[in-house]
Amino acid sequence: MKNLAITLALLASATGMAQAAGDAAAGQAKSATCVACHGADGNSPADIYPKIAGQHPAYLKKQLLELKAAASGKTGRVAPVMGPMALPLSEQDMDDLAAYFSEQQRTPVAVPDDVVEQGRALYMGGDTSRSLAACIACHGPRGEGLAQAKYPNLTGQHPAYIKAQLEAFRSGTRDNDPNGMMRDVARKLTDEEIQVLAQYVVGLH
């Protein structure tokens, strides 16, 4: 909770944050190697890979930069599959790819009826007894995230991918979240809550 408050305070005082300035047409031309995992339009056919269609350009670039950094032996986001893919990319390549995929339409996902009540309670209110922050604070009422803060759009994402990332944050195997915010949240979630949230958040739109 403290990490969340600090980060939001910093964001509130920030002005003129730079947006990705890529060329979508150039990004489409450069996206051939992305198709196998993420699909031609960024809607990945396999749920182990994220849908990147409709994602915020700044978030996509942040991930690519951190994947490249880790693959280069620096501090970043470790991912055996994506690291080598990001390694040869220039920042212009990243901007162009981010511009292209951000303009694509993400396919929707329905929310199972049996997770709505619990999912809404956790997403909207968290749990003050455990100092569990509400997801809405960063991802918004529609799950669309916050572009300037590089908080991702979760709507329409594969539930299995969301579940895997929450588990990775909880275990610490993914640690590229600002001020450990997601790790702090995920450590307080049970297996059942992760399953419920993963199915609930993707249907917000």
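Remember, it's a predicted structure, so these values are computed and weren't measured experimentally.
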Asks: How far does CG of Asp41 sit from OH of Tyr100, to the nearest 0.5 angstrom?
Replies: 6.5 Å
Asks: Should Lys188 and Asp184 count as side-chain neighbours, where that means a heavy-atom distance under 4.5 Å?
Replies: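 Result yes, sub-4.5 Å side-chain heavy-atom pair found.
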Asks: Within the structure provided, determine whether Asp23 and Asp95 are in side-chain contact (heavy-atom separation under 4.5 Å).
Replies: no
Asks: Let's go through Asn153 and Gln55 carefully: what are the C-alpha distance in whole Å and the side-chain angles of both, what is the deciding distance for side-chain hydrogen bond (donor to acceptor under 3.5 Å, both in side chains) to 0.1 Å, and is it a yes or a no?
Replies: CA-CA 6 Å; Asn153 177 4; Gln55 189 57 268; 5.2 Å; no
Asks: Any salt bridge linking Glu193 with Arg130? Criterion: basic side-chain nitrogen under 4.0 Å from a carboxylate oxygen.
Replies: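 So Glu193 pairs with Arg130 through a salt bridge.
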Asks: What pairs meet the salt bridge (charged side-chain N to carboxylate O under 4.0 Å, His left out) rule with one or both residues in residues 103-125, with sequence neighbours excluded?
Replies: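 Non-adjacent pairs meeting salt bridge (charged side-chain N to carboxylate O under 4.0 Å, His left out): zero.
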Asks: Would you say Asp93 and Ser90 make side-chain contact, with heavy atoms under 4.5 Å?
Replies: yes
Asks: Between Pro152 and His56, is any pair of side-chain heavy atoms under 4.5 Å apart?
Replies: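 Pro152 does not reach His56 side chain to side chain.
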Asks: Quick one: pull up CD1 in Ile52 and CG in Leu97 and give me the separation to the nearest 0.5 Å.
Replies: 8.0 Å
Asks: Using the test side-chain hydrogen bond (donor to acceptor under 3.5 Å, both in side chains), find all partners of Gln92 that sit at least two apart in sequence or belong to another chain.
Replies: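 Once residues adjacent in sequence are excluded, the partners of Gln92 under the side-chain hydrogen bond (donor to acceptor under 3.5 Å, both in side chains) criterion are Asp96.
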Asks: If you define the side chain from C-beta out and look only at heavy atoms, does anything of Arg174 sit under 4.5 Å from Arg77?
Replies: yes
Asks: Would a hydrophobic clustering, with Ile, Leu, Val, Met, Phe, Trp and Tyr connected at side-chain separations under 4.5 Å, put Leu166 with Val201?
Replies: yes
Asks: May I ask you to check whether His158 and Ser44 show a side-chain donor-acceptor distance below 3.5 Å?
Replies: yes
Asks: Taking the side chain as everything from C-beta on, heavy atoms only, tell me whether Val185 gets closer than 4.5 Å to Leu132.
Replies: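 The answer is yes, as the side chains (C-beta and beyond) meet within the 4.5 Å cut-off.
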Asks: Residues in side-chain contact (heavy atoms from CB on, under 4.5 Å) with Ala46, at least two apart?
Replies: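 Partners of Ala46 by the side-chain contact (heavy atoms from CB on, under 4.5 Å) criterion, ordered by chain and then number, come out as Ile48, Tyr49.
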Asks: Quick check: do His38 and Pro50 have side-chain heavy atoms less than 4.5 Å from each other?
Replies: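 His38 vs Pro50: side chains touch.
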Asks: For side chain to side chain contact (heavy atoms under 4.5 Å, CB included), just list the numbers for Val111 and Gln199, CA-CA rounded to whole Å, side-chain angles, deciding distance to a tenth of an Å, and then say yes or no.
Replies: CA-CA 6 Å; Val111 179; Gln199 294 177 83; 5.5 Å; no
Asks: Determine which pairs satisfy side chain to side chain donor-acceptor pair (under 3.5 Å) with at least one residue from residues 135-144, sequence neighbours left out, and list them in order.
Replies: none
Asks: Would a 4.5 Å heavy-atom cut-off, applied to side chains only, mark Pro159 and Asp47 as touching?
Replies: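 No; the side chains remain at least 4.5 Å from each other.
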Asks: Could you go step by step and tell me if Asp191 and Lys163 meet the salt bridge (charged side-chain N to carboxylate O under 4.0 Å, His left out) rule?
Replies: CA-CA 9 Å; Asp191 289 343; Lys163 178 177 179 288; over 6 Å; no
Asks: Could you verify whether a donor N or O on one side chain and an acceptor N or O on the other, from Thr107 and Lys51, lie under 3.5 Å apart?
Replies: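 Side chains of Thr107 and Lys51: pair found under 3.5 Å.
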Asks: Name all residues meeting the side-chain contact (heavy atoms from CB on, under 4.5 Å) criterion together with Leu65; count only those two or more places apart in sequence or in a different chain, and write none if there are none.
Replies: Lys61, Glu91, Met94
Asks: Among residues at least two apart in sequence or on other chains, which ones pass side-chain contact (heavy atoms from CB on, under 4.5 Å) with Leu204?
Replies: Tyr123, Thr155, Tyr200
